[in-house]
Amino acid sequence: MAIQRPKGTQDLLPGTVEQWQYLEETIRRVCRDYGYEEIRTPIFEATELFQRGVGQTTDIVKKEMYTFLDKGDRSMTLRPEGTASVCRAYVEDKLYGQSQPVKLYYTGPMFRYERPQSGRFRQFHQFGVEVLGADQPIVDAEVICLVWDLYQRLGLRGLEVHLNSVGCPTCRAAHREQLQRFLTTRKSELCQDCQERYERNPLRILDCKNPNCQAVTEGAPTTLDTLCDDCRSHFEKVLSLLSGAGVAYRVDPRLVRGLDYYTKTAFEVMVEEIGAQSAICGGGRYDGLVEEIGGPATPGIGFAMGLERVLAALQVQGKFPDTKPKLFAMLIALGDKAQNEGFAIMNALRGKGVPVRMDLLGRSLKAQLKAADREGAELALILGEEELERQVLLLRDLNSGEQTEVPLSKVIEVIYMKHQRGV
RNA sequence: GUGGGUAUGGCGAAGUGGUUAACGCACCGGAUUGUGGCUCCGGCACUCGUGGGUUCAAGUCCCACUAUCCACCCCA
C-alpha cells in the first residue's frame, strides 16, 4: 500500500493554506500593533527542558511526548508547547539583560502523542505570546486583551474567557491543606485518578470531569477562597482592567490549567460549536518557571492558541474573506511560433505586474477558452498563425464577448493600461 | 490507553448474496474545420481498505488486520 502520512498529521493543501495565511497575517499584525516581537526557537529540545518546565506530573510529560535518542545518545523531544522553549531562550540568550519586560510571540508546529479526534492532532500549530520580566496585573490584562482583540478582528462570535487565579506557592499550600481536609472523609468516593491526585496534586480534583467527583467537590474550597492578600488584589486589578476594556470574561473558580507552572492568573477561551475540544486558547502567569529552568527569578505570563481550532471556529462561523487569486488575462497561443511570441508577451506583462497565464498542456483553443473562463480571467489574448502573420492579437473580453484586434507592437501597453484601470 | 462508527472511481453517494457495480459533481473529448460560460452527446471503478473464511455464488455474511472519524482521559 502507498505510504501514508503519520497519524494525526495533515497535508495543508491549496485552498486551505490561504486560510492559514490569512490567520497568520492577522496574528502578526496584532502583535506588531501591541509591540510584541517574534521569536523562533528549535522544534526539538532537550527532554529535560519539558520535564522541568512543564512538570513531571502533567499528562504532557507523562504520556504525550515525542521523545527520541539522537546519535549522541541525548534524549530529545519534539516540543509539546512553546513556553518552556521561550523561557530557555530568555535565560540562554540573556534576554534578561535587555530592557524589561521582553514581549515575545511565536507560531509554529507543536507535537503531542495522542489519539487524534476533532480538534486534536499529533502535529498541531500554536500561536503564543510570552511577557517576561513584569509582574504587574496590567500585563495579565494586556495579554488577555490581545487575545480578545485578535478574535474581534477575525470576527469570531460566541467566545467566552474563563478566568481564575490559582495563587502563589504560599496560598497554594494553604489551599492544598484546606482542600485535603475537606475531602478527607469522602476520599473513597472519588474516581481512581482523583484518589491519586489527592496526594500528588489535589488542585486538579476540582477540574475532574467525572460527575461523581464534581458532586463530591461541591462546595469545596477553591483557590480563590484561599488567596493571600497580594494574589487577591492582583486578581481584582486584572478583573477591573478587563472590565474597562470590554472583555467578556467569566470567573471560573474551578478552572485549573493542566501545566504545573501556572501561578496567579489562569485563563482559557472557549468557543462552542467546534466539537468537544472547545478550548481555543489557554494561558496564565508563571512566575516561577524561569527560575525553575535555571535562570534568574523572573515573572512571566503568556498564552498559547490552537490555530486548528481557531480555523475550525472561523470555518463554522463563515468568517473567511475571499482570498481567491484573480487572474486578469489568459494568453492563448496556437501553434509553435505563436507560442514563442506569446510566451514573450506573457513575460513582459508579468514583468509589469499583470497576472497572465498560458496553457501548459498544448490544448485546443476551445479548451483554453474554457480554462480562461473557469479561472475567472477578464480577457483572453488570442494569438494564432493568422494573427502572427498580420502582427496583431485578438483581444476578447470574456465578460461581454466583444472581440477587437490590437497590433502586436502595442499589446503590452494596451493590456497594462486595461489592468491599471481594472477592466 | 479505553469505547463506538465508517471504509465503493478525484470528491459526494446508491447498492440490504445472484448475469456487464446506479447517479450527482469534477475532469477529458465532441456537437462543420480557430472561440468560453448554458444545453446536448460521449468517455472516465477488469472492481468495492488489506488478508483470510462461509457459500454453487459476496461490494453485500463472518474473522483478523490497517486506516480514518467521533467520544473518554486530557488538552491547543
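Within every chain, numbering begins at 1; the chains are lettered A, B, ... in the order of the sequence lines, protein sequences first and strands thereafter. Excluded from the calculations below are hydrogen atoms, water molecules and symmetry mates; all remaining heavy atoms, backbone and side chain alike, are included.
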Spacing of [X] atom [atom1] relative to [N] atom [atom2], expressed in whole Å:
| X | N | atom1 | atom2 | result |
| --- | --- | --- | --- | --- |
| A:Leu307 | B:C75 | CG | C1' | 15 Å |
| A:Gln117 | B:U2 | CD | C1' | 12 Å |
| A:Lys370 | B:A31 | NZ | P | 12 Å |
| A:Arg363 | B:C28 | CZ | C1' | 9 Å |
| A:Gln368 | B:G37 | CD | C1' | 16 Å |
| A:Gln4 | B:C69 | CD | P | 11 Å |
| A:Lys7 | B:C70 | NZ | P | 12 Å |
| A:Tyr151 | B:A76 | OH | P | 12 Å |

Please work out if [X] contacts a base, only the sugar-phosphate, or nothing of the nucleic acid, heavy-atom cut-off 4.0 Å.
| X | value |
| --- | --- |
| A:Ile382 | base |
| A:Ala304 | sugar-phosphate |
| A:Lys63 | base |
| A:Lys366 | base |
| A:Gly128 | nothing |
| A:Gln403 | base |
| A:Glu308 | nothing |
| A:Arg115 | base |
| A:Gln10 | nothing |
| A:Ile280 | sugar-phosphate |
| A:Arg197 | sugar-phosphate |
| A:Glu268 | nothing |

**Report entry** B:C74 base / A:Gln277 side chain donor-acceptor hit below 3.5 Å
**Finding:** yes
Query raised in the report: Per the atom types in the model, does the base of B:G34 pair as donor or acceptor with the side chain of A:Glu387 at under 3.5 Å?
Result: yes
Query raised in the report: So which one's nearest nucleotide on RNA chain B is more toward 5', A:Ala367 or A:Val269?
Result: A:Ala367
Query raised in the report: Between A:Gly275 and A:Pro6, who's closer to the 5' end of RNA chain B by nearest nucleotide?
Result: A:Pro6
Report task. I would like to know whether A:His419 and A:Glu378 meet side-chain contact (heavy atoms from CB on, under 4.5 Å); could you show each step before the answer? Result -> CA-CA 10 Å; A:His419 182 248; A:Glu378 304 288 330; over 6 Å; no
With rounding to the closest Å, how many angstrom separate the [atom1] atoms on [N] and [M]?
| N | M | atom1 | answer |
| --- | --- | --- | --- |
| B:C44 | B:G36 | P | 25 Å |
| B:A45 | B:A26 | C1' | 16 Å |
| B:U33 | B:A14 | P | 42 Å |
| B:G59 | B:C48 | P | 7 Å |
| B:U6 | B:G42 | P | 37 Å |
| B:G15 | B:U20 | C1' | 16 Å |
| B:A7 | B:C11 | P | 14 Å |
| B:A67 | B:C28 | C1' | 31 Å |

[X] side-chain proximity, nearest of [options]:
| X | options | result |
| --- | --- | --- |
| A:Glu114 | B:A71, B:G34, B:C74 | B:C74 |
| A:Arg374 | B:G36, B:C74, B:C27 | B:C27 |
| A:Leu394 | B:G36, B:G34, B:C70 | B:G34 |

Report task. Report, as yes or no, whether the 6.0 Å neighbourhood of atom CZ on A:Phe44 holds more than 12 heavy atoms from other residues, nucleotides or ligands. Result -> no
Could you let me know what [N] is paired to, Watson-Crick or G-U wobble, both distances under 3.5 Å, or none if it's on its own?
| N | value |
| --- | --- |
| B:G37 | none |
| B:G1 | B:C72 |
| B:C46 | none |
| B:G17 | none |
| B:C25 | B:G10 |

Query raised in the report: Is the ring centre of A:Phe303 less than 6.0 Å from the ring centre of A:Phe127?
Result: yes
Query raised in the report: Between A:Tyr66 and A:Tyr113, is the ring centre distance below 6.0 Å?
Result: yes
Query raised in the report: Between A:Arg122 and B:U68, does any side-chain N or O lie under 4.0 Å from OP1 or OP2?
Result: no
Query raised in the report: Is A:Glu405 salt-bridged to A:Arg390, going by a charged N under 4.0 Å from an acidic O?
Result: yes
**Report entry** Sidechain N-carboxylate O distance under 4.0 Å for A:Arg153, A:Asp33
**Finding:** yes
Query raised in the report: So how far is it from A:Ile280 CD1 to A:Met270 CE, rounded to the nearest 0.5 Å?
Result: 10.0 Å
Report summary line: To the nearest 0.5 Å, atom OG1 of A:Thr185 lies from atom CD of A:Glu189 at 7.5 Å
**Report entry** Test item: A:Tyr90 and A:Val290 side chains (from C-beta on) under 4.5 Å apart, heavy atoms
**Finding:** yes
